[in-house]
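The structure appears below as structure tokens.
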Amino acid sequence: MDEKYFPEQIENKWQQRWAESGVFQAPTDDPREKFYCLEMLPYPSGFLHMGHVRNYAIGDALAWFKRLQGFNVLHPIGWDSFGQPAEQAAIKRGVNPRDWTEQNIAHMRGQLKRLGISYDWSREIAAHRPDYYKWDQWFFLKMFERGLAYKKVSQVNWCPKEQTVLSNEQSSGGICWRCSTPVEKRDLEQWFLKITDYAEQLVADIKQIEDGWPDKVLKRQSDWVGRSEGAYVDFPVKDSDKKIRVFTTRIDTIYGANAVVMSAEHPLLAELLEGSSLKPDIEAFAQKIRTQRAAGREVGEEEKEGLNTGVLAINPFSGEVLPVWVANYVLMEYGTGAVMSVPAHDDRDFEFAQKYSLPIRQVIAPVTHQQLDAEPTPTTGGDASAEIKHSFTDYGVLINSGDWGGKLSEVAMREMAEHAKTNGFGEPAVTYRIRDWGVSRQRFWGAPVPMIYCDKDGMVPVPYDQLPVVLPQTAAFTGTGESPLAGVPEFVNTTCPQCQGPARRETDTMDTFVDSSWYFFRYLDPRNEGEAFDPNVAKQWTPVDQYIGGDSHAVMHLIYTRFWTKFMRDIGLVNFDEPVKRLLTQGMVTNRVEGTDEWKAMSKTLGNGVDPDQMIQIFGADAARLFVLFAAPVENELRWSDTGIEGSVRFLRRVYTMVWKWHERLADRGGPQPAGEFSAEARTLRRKTHQTIAKITSDLTQLHLNTSVAALMELFNQISDFNADPATASAEDVFVVREALESLVILLTPFAPHVGEELWEALGHAGGLLKELPRWPVADPELARREELEIPIQVNGKLRSRVIAAPDVSEDDLRASALADERVRALIDGHEVVKVIVVPRRLVNIVIR
RNA sequence: GCGAAAGUGGCGGAAUUGGCAGACGCGCCAGACUUAGGAUCUGGUACCGAGAGGUGUGGGGGUUCGAGUCCCCCCUUUCGCACCA
């Protein structure tokens with residue numbers, strides 16, 4: 001140990017030792033309880049940014065904590081190395097995507113090692129290597145076998161800037177998730193994965209994880225699947241044998257329907273208009289809507305527009321004849337592409353009816369709470385002609401609804417759907433918003449879809465023993481939107497596995513979200529050449545105990561990986577439904593944008609980035625890590641501060657200096673042993689030590705890292721205040737200081753592991769902390785709680801005095817000592833004591849008159 | 001527009017969940033040591049007031065002996081969703 005804290009020196013020393021000893025390698029067969037600590041794997045863009053540092057510092061704190069507690073901790077890392085930027089680099093700068101990616105990985109791996117994150121590097125994986133993407137292809141074939149991977153022509157979301165297809169998730173809001181370019185629609189033949197088969201489970205299984213995931217993520221998951229319960233109802237077309245099927249969640253309002261409204265893309269529309277004089281007008285209108293939407297303009301921003309088709313339909317409940325309209329606000333993609341319009345009880349229908357002066361009829365009346373218990377009756381008159389100014393969308397009681405009048409919405413919805421089913425014009429139904437996952441990409445830098453097209457045998461899956469379908473070394477990177485692989489004859493031309501004749505390979509590659517849907521299973525068995533992973537090995541490690549990453553992945557990645565896990569369960573690879581027990585979505589790291597008052601995520605283009613390497617060089621990895629953990633709660637935005645990190649260095653330096661001052665005396669365990677009484681100051685320090693152990697143990701479990709660091713600082717301040725001189729300290733004082741300092745060093749290690757290891761060694765424990773496990777200190781419960789309580793005494797609610805009491809003071813004793821207090825007696829003298837409120841361990845309040 | 005969450009010093013944020021508001025850190029002020037200080041150390045730092053004391057957790061009301069914390073209304077901010085029938 002040097003007298004002065006030189007971060008670089010001790011960081012190099014310990015990083016080297018960790019690498020040599022392999023202490024972070026997690027053995028698969030181990031009697032200790034496992035803990036799988038996982039951070040979202042990074043895209044190898046070339047450089048670590050502060051968001052990464054924060055993510056990995058959080059994960060590492062937890063990994064260390066669990067390790068020191070005696071768990072067998074798996075803490076792996078890898079690279080999400082397929083994807084657009086590598087290909088963009090190829091297009092723009094003519095570099096090979098593979099070389100570019102490998103260089104980036106090499107550089108970022110170095111940065112991670114300089115940060116000293118305790119990864120098991122022996123398990124490192126990268127998605128772009130054939131031994132990884134082979135299994136993407138394997139899974140794809142498994143899904144194909146089960147009918148979960150299929151091809152269809154579809155209108156896809158197309159990003160004109162990146163010249164590629166985007167999934168629904170990636171084009172949410174009509175803009176590209178990566179470059180914010182407005183998305184266009186195009187017709188292409190595409191591969192899809194049938195995530196909709198799992199829609200119900202993706203909602204239902206949320207209850208298995210609701211205690212471990214943030215509420216807002218669960219809500220977004222659930223919203224994305226978009227389950228709605230309702231009913232299908234068939235409206236027969238007048239003078240025809242055709243029917244228009246609508247989906248509604250409010251079948252109870254059906255007597256209020258004033259029209260049936262269809263989407264312009266509805267396939268039935270052309271048939272209905274056969275021979276109608278309005279046909280050209282309506283087709284022109286439908287075309288207009290299609291054009292609007294193809295231009296990527298958001299529905300919802302448009303004013304409602306519609307056209308009466310002249311077709312008539314019959315309300316199967318009331319027998320009423322209703323006009324059929326086409327309108328821009330009905331989406332083909334959801335439900336059946338047709339709705340019943342009930343303006344009195346739906347905002348959109350109301351707006352539409354107002355614009356086109358369609359009749360509005362109230363069929364639901366509000367009910368009061370008393371009426372819910374009693375016979376339901378409407379509170380407002382059931383006057384159908386009454387003018388309605390707004391739609392009333394709450395549940396209520398039915399009026400103007402034939403035999404159903406007087407029933408509550410909840411009851412009517414159930415009964416009416418059953419009635420429709422019994423009479424053959426509908427049924428209860430559940431629909432989902434989620435659509436199948438389009439995984440085809442017209443890209444080079446991805447896992448090739450393992451399919452072959454043969455003129456004779458048609459579409460043939462690549463046999464399992466021919467995997468992987470290896471990406472060629474290079475291709476023409478034109479950026480025109482054609483699959484670059486189509487221009488590589490050696491790749492395209494192959495033989496048909498069935499007839500051995502000439503055949504062509506599929507030239508699409510897979511969405512990179514495929515790679516990240518199951519990567520954390522590959523860590524468990526990363527060099528397995530015979531399978532994606534050994535299910536028996538996986539059983540020992542999974543599910544993931546703690547997953548940490550940015551909330552930008554709260555929808556896409558997490559919904560895909562949940563889907564993938566359920567599929568793996570169905571093919572017998574895993575035996576649970578949900579892959580992640582606890583999830584933490586950490587906040588962004590932001591910095592002030594130069595010349596403004598705005599705080600934005602660090603980025604190159606904004607010029608507000610902070611280089612982790614520079615921070616490590618100036619302040620040391622430990623200080624950088626300590627600062628990001630201390631500066632804000634993990635889920636909050638973290639506003640970068642250059643002076644803040646200096647505070648962290650200062651703290652580490654003070655701790656270092658303190659240990660330097662004591663280390664010779666403390667390392668010598670052969671001196672006089674404590675035999676006498678502890679001084680009052682020593683007892684105070686002991687109490688603080690044990691309180692801190694208790695607090696940090698509990699805070700770390702809940703990932704309250706900022707308050708853990710604060711508690712460390714408090715303990716340090718307390719040790720500083722304990723003004724003993726190492727040269728002359730009594731055996732008792734040495735004991736107390738040793739206990740305090742050793743605890744401090746261990747508790748500090750998850751936040752600043754290099755300093756922790758160095759100081760632990762300096763205190764006389766050769767070889768560092770990981771030599772003897774477990775090491776995490778356990779608080780003495782007697783000492784951890786306050787020795788004495790200072791209980792406030794109030795008179796008529798005002799604080800008037802305090803009384804010192806033992807922690808286990810009885811209510812009666814507390815009351816007695818409060819009433820005996822001099823100041824209190826002076827106050828209550830001459831007044832009547834009305835009552836005395838005693839809250840044990842908390843307070844006494846005396847009410848007088 | 002709909003939905004959710006949140007508003008505490010100059011700043012990031014604490015507060016054992018209804019019990020001494022402002023822990024810890026940054027910044028700032030003063031002092032010490034210094035040729036020097038953007039190093040280090042010591043002390044101070046919610047607001048008003050010379051003081052005793054008073055006031056304070058976005059605003060207004062309420063429940064309670066007691067409210068940052070619970071309830072109602074309003075304001076503001078942030079984040080989600082955005083014609084999903």
Side-chain angles (χ1 to χ4, degrees), chain A residues 172-174 214-217 219-220 223-228 230-231 233 246-251 253 257 260-261 263 298-304 327-342 345-349 351-352 393 431-435 551 554-555 587 626-627 630-633 635-648 650-651 653-654 657 691 694-695 698-699 704 706-717 720 785-786 790-799 802 834-839 841-848:
Chain A
S172 170
D215 289 343
K216 66 175 183 195
V217 175
K219 184 174 185 308
R220 288 179 66 185
D223 285 352
W224 193 262
V225 179
R227 183 182 197 278
S228 339
V233 183
V246 305
F247 175 74
T248 177
T249 53
R250 289 300 301 275
I251 195 174
T253 66
V260 172
V261 187
S263 159
E298 258 316 277
V299 226
E301 287 169 6
E302 301 288 331
E303 199 190 332
K304 293 198 177 19
N328 63 348
Y329 75 97
V330 179
L331 306 173
M332 193 57 225
E333 300 84 33
Y334 184 78
T336 62
V339 301
M340 64 179 199
S341 167
V342 185
H345 305 293
D346 181 281
D347 292 334
R348 297 153 300 180
D349 296 341
E351 195 190 319
F352 191 67
T393 56
T431 62
Y432 301 91
R433 198 180 80 117
I434 192 169
R435 278 167 260 156
D551 68 359
V555 178
L626 185 67
F627 172 66
F630 174 59
E635 65 276 6
N636 283 21
E637 173 187 333
L638 190 162
R639 298 187 163 190
W640 186 259
S641 148
D642 284 329
T643 52
I645 191 172
E646 285 169 27
S648 294
R650 230 168 357 237
F651 173 66
R653 203 181 290 138
R654 285 178 188 144
T657 308
Q691 280 166 2
K695 175 165 176 59
S698 128
D699 277 4
H704 294 165
N706 58 325
T707 52
S708 295
V709 178
L712 275 178
M713 291 171 169
E714 282 188 63
L715 175 58
F716 173 81
N717 292 342
S720 298
R785 88 174 171 209
R786 284 191 186 163
E790 228 187 306
I791 295 174
I793 304 173
Q794 302 173 348
V795 177
N796 284 355
K798 282 214 163 193
L799 179 69
R802 287 173 189 289
V834 180
K835 60 176 167 177
V836 181
I837 296 151
V838 181
V839 184
R841 299 174 57 84
R842 288 293 160 83
L843 104 165
V844 181
N845 185 37
I846 299 159
V847 184
I848 60 174

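Below, read A as the first sequence line, B as the second, and so on, with proteins coming before strands; counting in each chain starts at 1. The structure presented is a predicted model; accordingly, all values stated were derived computationally and were not measured. Atoms considered below: every heavy atom in the structure, side chains included; atoms not considered: hydrogens, waters and symmetry mates.
The same atom, P, is picked in B:rU69 and in B:rG58; the two are 8 Å apart, to the nearest Å. One C1' atom belongs to B:rU16, the other to B:rC81, and the distance between them is 38 Å to the nearest Å. Taking the C1' atoms as reference points, B:rA5 lies 26 Å from B:rG10, given to the whole Å. A gap of 44 Å separates the P atoms of B:rU77 and B:rU42, to the nearest Å. Taking atom P in both B:rA52 and B:rA14, one finds a spacing of 32 Å when rounded to whole Å. Taking atom C1' on both nucleotides, B:rA67 is separated from B:rA15 by 13 Å, rounded to a whole Å. The P atoms of B:rU17 and B:rC70 are separated by 14 Å, rounded to the nearest whole Å. Nucleotides B:rA46 and B:rG22 place their P atoms 9 Å apart, quoted to the nearest Å.
When distances are taken from the side chain of A:Asn717 to each of B:rG12, B:rA85, B:rG25, the shortest belongs to B:rG25. In the set B:rC26, B:rA14, B:rG12, B:rC26 carries the atom at the smallest distance from any side-chain atom of A:Thr643. Listed nucleotides B:rA85, B:rG25, B:rA23 differ in distance to A:Ala710; the shortest reach to its side chain belongs to B:rA23. Candidate nucleotides B:rA82, B:rC26, B:rC83 were compared by shortest atom distance to the side chain of A:Arg433, and B:rA82 ranks first. Distances from the side chain of A:Ser228 to the nucleotides B:rC26, B:rC81, B:rA85 place B:rA85 closest. Among the nucleotides B:rA14, B:rA82, B:rC83, the one closest to any side-chain atom of A:Tyr329 is B:rC83. Out of B:rC83, B:rA23, B:rG12, the shortest distance to the side chain of A:Phe630 is found at B:rG12. Closest to the side chain of A:Pro633, out of B:rG13, B:rC83, B:rA85, is B:rG13.
For the OP1/OP2 pair of B:rA6 and a distance below 4.0 Å, the side-chain nitrogens and oxygens of A:Asn636 include no atom meeting the criterion. For the OP1/OP2 pair of B:rA14 and a distance below 4.0 Å, the side-chain nitrogens and oxygens of A:Asn706 include at least one atom meeting the criterion. Proximity of A:Thr336 to the phosphate of B:rA85: no side-chain N or O atom is located under 4.0 Å from OP1 or OP2.
A donor-acceptor pair under 3.5 Å links the side-chain atoms of A:Asp349 to the main chain of A:Val342, judged by distance alone. No side-chain donor-acceptor contact under 3.5 Å links A:Arg654 to the backbone of A:Phe716. With A:Asp551 contributing its side chain and A:Ala554 its backbone, the two residues share no donor-acceptor pair below 3.5 Å.
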Nucleotides 38-44 of chain B: protein proximity per nucleotide (B base, S sugar-phosphate only, - neither; heavy atom, under 4.0 Å): --SS---
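A:Val339 pairs with exactly one of A:Leu331, A:Val260, A:Val330 by the side chain to side chain contact (heavy atoms under 4.5 Å, CB included) rule, that one being A:Val330. Under the side-chain hydrogen bond (donor to acceptor under 3.5 Å, both in side chains) test applied with A:Asp223, the options A:Lys219, A:Arg227, A:Arg220 reduce to a single match, A:Lys219.
We find that CG of A:Asp215 is positioned 14 Å from C1' of B:rA6, with the value rounded to whole Å. Going from atom CZ of A:Arg227 over to atom P of B:rA85 covers 12 Å, rounded to whole Å.
Residues A:Trp640 and A:Phe627 meet the side-chain proximity criterion, which asks for heavy atoms closer than 4.5 Å.
In this structure B:rG61 sits in the anti conformation; its chi angle is more than 90° from 0.
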What protein N or O atoms touch nucleotides 32-34 of chain B N or O atoms at under 3.5 angstrom, if any, and at what distances?
none

For nucleotides 76-80 of chain B, give me every protein contact, N/O to N/O, under 3.5 Å, one pair per line with atom names.
none

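Between A:Met340 and A:Thr253, the shortest heavy-atom contact is CE-OG1, 3.6 Å.
Every residue was checked against the ring pair (Phe, Tyr, Trp, His ring centres under 6.0 Å) condition with A:Tyr334, not counting sequence neighbours, and none meets it. Evaluation of the ring pair (Phe, Tyr, Trp, His ring centres under 6.0 Å) rule for A:Phe247 yields A:Tyr232 as partners, not counting sequence neighbours.
Nearer to the 5' terminus of RNA chain B, by closest-nucleotide assignment, is the contact made by A:Thr707 (compared with the other of A:Thr707 and A:Ala338). Each of A:Thr249 and A:Ser648 was matched to the nucleotide of RNA chain B holding its nearest heavy atom; the match closer to the 5' end belongs to A:Ser648.
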Per-nucleotide pairing state of RNA chain B [Watson-Crick or G-U, under 3.5 Å; [ ] pseudoknot-crossing; | other strand]: (((((((..(((......[....)))((((((.......))))))(((....)))..(((((..]....))))))))))))....
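Seen from the ring of A:Tyr329, A:Lys304 counts as a face-on cation partner, given the 6.0 Å and 45° thresholds.
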Trace of the ring-ring contact (aromatic ring centres under 6.0 Å, His included) decision for A:Tyr432 with A:Trp224: CA-CA 9 Å; A:Tyr432 301 91; A:Trp224 193 262; over 10 Å; no
